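Throughout, a chain's letter reflects where its sequence line sits, starting with A, and its residues are numbered from 1. Here the structure is a predicted model, which means the values were calculated and not measured.
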There are 2 protein chains.
Amino acid sequence: MTNTISYDEILENFKKLLKSKNLKYTTQRELILKIIYDNNGHFTPEEIYALIKESYPKVKLGIATVYRTLTLLEDANIVTSISFGTQGKKYEFGITHHHDHLVCLKCGKIEEFYDDLIEKQQEEITKKFNFKMSDHVMKIMGTCSACLAKG
Amino acid sequence: MTNTISYDEILENFKKLLKSKNLKYTTQRELILKIIYDNNGHFTPEEIYALIKESYPKVKLGIATVYRTLTLLEDANIVTSISFGTQGKKYEFGITHHHDHLVCLKCGKIEEFYDDLIEKQQEEITKKFNFKMSDHVMKIMGTCSACLAKG
DNA sequence: CTTATTGCAAACGTTTTGCACGTTT
DNA sequence: AAACGTGCAAAACGTTTGCAATAAG
């Protein structure tokens with residue numbers, strides 16, 4: 001999904017958020033946010049950690065900080081995650097509109113889609129069950145067009 | 001979801017499956033299948049292990065066998081699983097028609113639903129993306145009616 | 001100078017694996 | 001007898017935590 005908000009805007013909002021929670025603005029937190037913003041896609045905490053190590057070798061960073069920051073960013077709705085069972089989670093930049101995922105089991109690629117009808121129907125279901133929805137996920141697993149083409 | 005196939009039928013199919021794969025019919029494998037069939041609901045491997053230990057104290061059983069058998073049963077589409085991120089998976093008897101889940105984050109209860117419109121729409125999406133669907137999951141998370149009532 | 005944050009390593013919970021022993025065929 | 005399955009304990013995996021050292025406000 002393409003980002004429509006500029007990074008400067010994001011960063012300003014992030015700084016404000018930190019201030020409002022009496023949290024501190026650190027190099028590590030900024031870089032984690034920046035890496036996710038810059039590299040559009042879905043990444044595991046390990047991948048984000050590796051990307052930063054590679055792009056900013058001088059910065060000291062531990063994997064624990066990546067996890068802690070991702071939790072922080074997800075709570076603030078700045079990133080969102082998609083779960084892969086035992087194999088962990090992938091995070092993506094999340095100040096875009098809601099969408100669901102097509103996950104290719106061959107190459108691991110994740111495509112995104114949004115379907116209004118499905119969203120509406122989910123609302124209907126929660127009404128029927130008198131259920132208060134806080135979140136929902138939908139994943140379609142299979143083989144992507146590229147992998148199908150490859151045979 | 002209520003089972004419409006008798007246990008005897010299931011068991012016969014399971015035995016055939018094992019034979020066809022040159023696998024052996026063991027007490028452990030039978031009990032794991034039986035426990036999931038008997039106790040309608042969604043269980044973690046640990047819960048299944050505990051249930052068997054409780055119901056059949058004389059049978060020797062290790063947790064590894066539970067995991068191994070659940071994988072086997074899931075590959076054979078006899079059970080299905082629903083993932084809870086780091087907190088593991090829950091398994092349910094799966095020779096019923098497909099359904100999705102409403103997961104209560106307060107009490108952990110899982111309700112099931114089936115919606116034809118959503119299913120159809122998913123097909124449409126895969127067509128649009130030229131994607132070959134092998135499986136799909138949809139989970140709606142939130143608070144169930146019982147927990148809402150409790151305040 | 002106070003408070004939050006960090007990296008590190010150890011701990012965690014779930015799942016998988018290697019292996020010698022048992023069971024099924 | 002051959003082949004597969006088992007329990008056990010150890011390892012693996014992603015993630016979280018305690019803590020002393022460090023950086024931000």
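Aromatic ring pairs are classed by plane angle as parallel below 30°, tilted from 30° to 60° and perpendicular above 60°; the pair Tyr7(B) and Tyr37(B) is tilted.
Across the interface with DNA chain C, nearest-nucleotide mapping of Gln87(A) and Tyr49(A) shows Tyr49(A) to be the residue nearer the 5′ end.
Checked against dG5(D), dG7(C), dC8(D), the side chain of Ala64(B) finds its nearest nucleotide in dC8(D). The side chain of Arg68(A) lies closest to dC8(C), out of dT16(D), dT15(C), dC8(C).
Note: NZ (Lys90(A)) to C1' (dC13(D)) measures 16 Å, nearest angstrom. Straight-line distance from the NZ atom of Lys53(A) to the P atom of dT6(C): 13 Å, rounded to whole Å. At whole-Å resolution of the value, CD1 in Ile32(B) and C1' in dT6(D) are 11 Å apart. In this structure, the CZ atom of Phe14(A) is 14 Å from the P atom of dA24(D), given to the nearest Å. Atoms NZ (Lys21(A)) and P (dT3(C)) sit 20 Å apart, rounded to a whole Å. Straight-line distance from the CD1 atom of Ile63(A) to the C1' atom of dA9(C): 14 Å, rounded to whole Å. Between the C1' atom of dT5(C) and the CG atom of Leu31(A) lies a distance of 15 Å, rounded to the nearest Å. Here the P atom of nucleotide dC13(D) and the CZ atom of Phe84(A) are 19 Å apart, to the nearest Å.
Across all strands, Gln28(A) comes closer than 4.0 Å only to sugar-phosphate atoms, never to a base (heavy-atom distances). Residue Leu61(A) is in sugar-phosphate contact alone, with no base atom involved, counting any heavy-atom pair closer than 4.0 Å across all strands shown.
Figure legend: cation-pi geometry between Lys139(A) and Phe84(A), with NZ or CZ positioned under 6.0 Å from the six-membered ring centre and within 45° of its axis.
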Produce the list of close N/O pairs, under 3.5 Å, pairing protein atoms with atoms of nucleotides 21-25 of chain C; give distances to one decimal.
residue : atom : partner  : partner atom : Å
dT24(C) : O2   : Lys24(B) : NZ           : 3.1
dT25(C) : OP1  : Tyr25(B) : N            : 3.4

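Using a 3.5 Å distance cut-off with no hydrogens or angles, the side chains of His42(A) and Glu47(A) do not pair a donor with an acceptor. Side-chain contact annotation: Thr65(A) with Gln28(A), donor-acceptor N/O pair under 3.5 Å absent.
None of Leu70(A), Leu72(A), Leu33(A), Asn13(A) except one satisfies the side chain to side chain contact (heavy atoms under 4.5 Å, CB included) rule with Ile78(A); the exception is Leu33(A). Checked options Leu31(B), Leu61(B), Leu51(B), Thr27(B); the residue passing with Tyr56(B) is Leu31(B) (criterion: side chain to side chain contact (heavy atoms under 4.5 Å, CB included)).
Salt-bridge formation is not detected for the pair Lys120(A)/Glu123(A): no Lys NZ or Arg NE/NH1/NH2 atom is positioned less than 4.0 Å from an Asp or Glu carboxylate oxygen.
Distances shorter than 4.0 Å separate some side-chain N or O of Tyr67(A) from OP1 or OP2 on dT15(D).
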